[in-house]
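Step one of this worksheet: look at the structure below.
Computation of the quantities below employed the complete heavy-atom set of this structure, encompassing side-chain atoms and omitting hydrogens, waters and symmetry-equivalent molecules. In what follows, chains carry the letters A, B, and so on, assigned in the order in which the sequence lines appear, proteins first and then strands, with residues in each chain numbered from 1.
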Protein chains: 2
Amino acid sequence: MLLDEDLHIAPNCGSCPIRHRAVCARCESTELAALEDIKFYRSFQAGQTLIWSGDRMDFVASVVTGVATLTQVMEDGRTQTVGLLFPSDFVGRPGRDTAPYNVIATTDVMMCCFRKKPFEELMARTPHIGQRLLEMTLDELDAAREWMLLLGRKTAREKIASLLAIVARRDAGLQGQVRQRQVTFDLPLTREAMADYLGLTLETVSRQISALKREGIIELAGKRTVHVPDIDRLIEEAADDADGGMPG
Amino acid sequence: MLLDEDLHIAPNCGSCPIRHRAVCARCESTELAALEDIKFYRSFQAGQTLIWSGDRMDFVASVVTGVATLTQVMEDGRTQTVGLLFPSDFVGRPGRDTAPYNVIATTDVMMCCFRKKPFEELMARTPHIGQRLLEMTLDELDAAREWMLLLGRKTAREKIASLLAIVARRDAGLQGQVRQRQVTFDLPLTREAMADYLGLTLETVSRQISALKREGIIELAGKRTVHVPDIDRLIEEAADDADGGMPG
DNA sequence: CGCACTTTTGAGTCAGTTCAACCGAAGTGG
DNA sequence: CCACTTCGGTTGAACTGACTCAAAAGTGCG
């Protein structure tokens, strides 16, 4: 779809904002140069579907800026989001050629893409890429399993609190902020997208957000901007054990 | 716990039933020999907890025979199973030293263990192990995401049908059977363990199994042995698209 | 201003939970 | 050998958290 004209603003890897967290994190300069040779950028607008489930995937990619979702849709339309992609997250699977999920931009998104074939060849020669990808995949697996607990056992209120806590954390992480009591961030998701991620209806999402607001656990400026006066209270509502899922 | 005396029945890798599916699948003979040097077997009885969440993990392992679960428990006791471990599945994560989940044997289980430190060193020298582990981890991630759809969006009846279909498939797969209309298998889980995996109560599990039996979609011999006269009907009840999750 | 879209709120319903009783098979020990 | 307990499983009845359907209230944009 839509080939954009942003190619000219392509930053080089040295100044890339996700250089030290993405799949290329461990690469040395020669390896990086090889990656740089086969990379290209694409950008997408909020709401665009980047990849359709079942489509042939001829590239893999890293999210550079913005947020996207991975979603599964049943034949009757029931929809479940199975992953949130933040900057540095990886899309696609070496060795598979059709996409298993829809990938949808929920904000404007910039991706750093690699054609799959050359990427796979490079991976075979460059253990650092495979190592980093394994690390990232194991992290994603942990995140998916944490989400299984949420989907299977948490109440609607706990689900909302968990999502807000996670977005707050990732958002803070991107800005390199230390842990602090107060945080403000933008929700990169509509109520419906939240519902799809949490296994709820959008009405329930709206009601629970209203309830958290009413009780002073969050404050809203507009529909999307959230201020959390006391992050520990929010984490308590999420019913996560101890650290609220901070990497141990 | 319980160091067993089965060590003497330790098969060598050549005759190992999971040789071609486990983390060692791609290893050549010299690599295999290196693994063989650091491996040891442990067996556990049904019901035993192999590993407690939070425990120090000084080994990683492959399931050789039997079935185990990965479960997460919230402070108030709510429990969610986040993975079923069948023969050839891998337990543990190189580079992490405390277990994030309880691992519980639901049948008698035999594990092929590797002390973590030597395994990690070997992995650094042996790309085939890391490659295979990446492949397996990506498969598990797909499975986890399929389960997220189940937990978030499926009805109780669909959840039960999905679980039965998956156990039937993995069970058939182990026996190298081709796809056939009729299948019979043993459920390696109690009603409660099924409930924990499906995000239901054990009463609901029992009721839905009774309902499927009443409608002739399954037949029971005892509580645990399930006969499926028409696997396609079961898969239809599971509401999976197309192939019921067969590897594409 | 008016149309389209997202979000909020309300009222009634229902799938799945909760609580409780009961069943059958497998020990156990007097 | 039979009472007694335990354990996994089934079934019933009442309850409830989240869903469904419906309508109103923002919000943004040409």
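Nucleotide dC19(D) holds its C1' atom 19 Å from the CZ atom of Arg157(A), rounded to whole Å. Rounded to whole Å, atom P of dT8(C) lies 12 Å from atom CG of Leu212(A). Separating the CD atom of Glu192(A) from the C1' atom of dT8(C) is a distance of 15 Å, rounded to the nearest angstrom. In this structure, Leu189(B) atom CG and dG9(D) atom P are separated by 10 Å, rounded to whole Å. The nearest whole Å value for the distance from the CG atom in Leu220(B) to the P atom in dG9(D) is 11 Å. Between Arg191(A) atom CZ and dA25(D) atom P there is a gap of 19 Å when expressed in whole angstrom units. Distance Lys154(B) NZ to dG16(C) C1': 18 Å, rounded to the nearest Å. Look at CD1 on Ile160(B): it is 14 Å from C1' on dT10(D), rounded to the nearest Å.
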Assess the residue pair Asn102(A) and Ser53(A) against the criterion (side-chain hydrogen bond (donor to acceptor under 3.5 Å, both in side chains)); give the C-alpha distance rounded to whole Å, side-chain angles, the decisive distance to 0.1 Å, and a yes or no. CA-CA 5 Å; Asn102(A) 296 331; Ser53(A) 170; 4.7 Å; no

Give the C-alpha distance, both sets of side-chain angles, the deciding distance and a yes or no for salt bridge (Lys or Arg N to Asp or Glu O under 4.0 Å) between Glu158(B) and Arg78(A). CA-CA 13 Å; Glu158(B) 290 166 346; Arg78(A) 280 176 283 176; 2.8 Å; yes

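Counting only distance, with no hydrogens or angles, the side chain of Lys154(B) and the backbone of Leu149(B) share no donor-acceptor pair below 3.5 Å. Side-chain N or O atoms of Trp147(B) include one that pairs as donor or acceptor with a backbone N or O of Tyr197(B) at under 3.5 Å.
For the segment residues 198-209 of chain A, residues with any heavy atom less than 4.0 angstrom from an atom of DNA chain D are, sorted by number, Gly199(A), Leu200(A), Thr201(A), Glu203(A), Thr204(A), Arg207(A).
Scored by the salt bridge (charged side-chain N to carboxylate O under 4.0 Å, His left out) test, Arg93(B) finds Asp139(A), Asp142(A) as partners (sequence neighbours excluded).
With DNA chain C read from its 5' end, the first of the two nearest nucleotides for Arg214(A) and Arg153(A) is the one closest to Arg214(A).
Across all strands, Arg224(B) comes closer than 4.0 Å only to sugar-phosphate atoms, never to a base (heavy-atom distances).
For the OP1/OP2 pair of dG17(D) and a distance below 4.0 Å, the side-chain nitrogens and oxygens of Thr155(A) include no atom meeting the criterion.
Using a 4.5 Å heavy-atom cutoff, the side chains of Leu187(B) and Met194(B) are in contact. Between Leu84(A) and Val67(A), the closest side-chain pair of non-hydrogen atoms falls below 4.5 Å.
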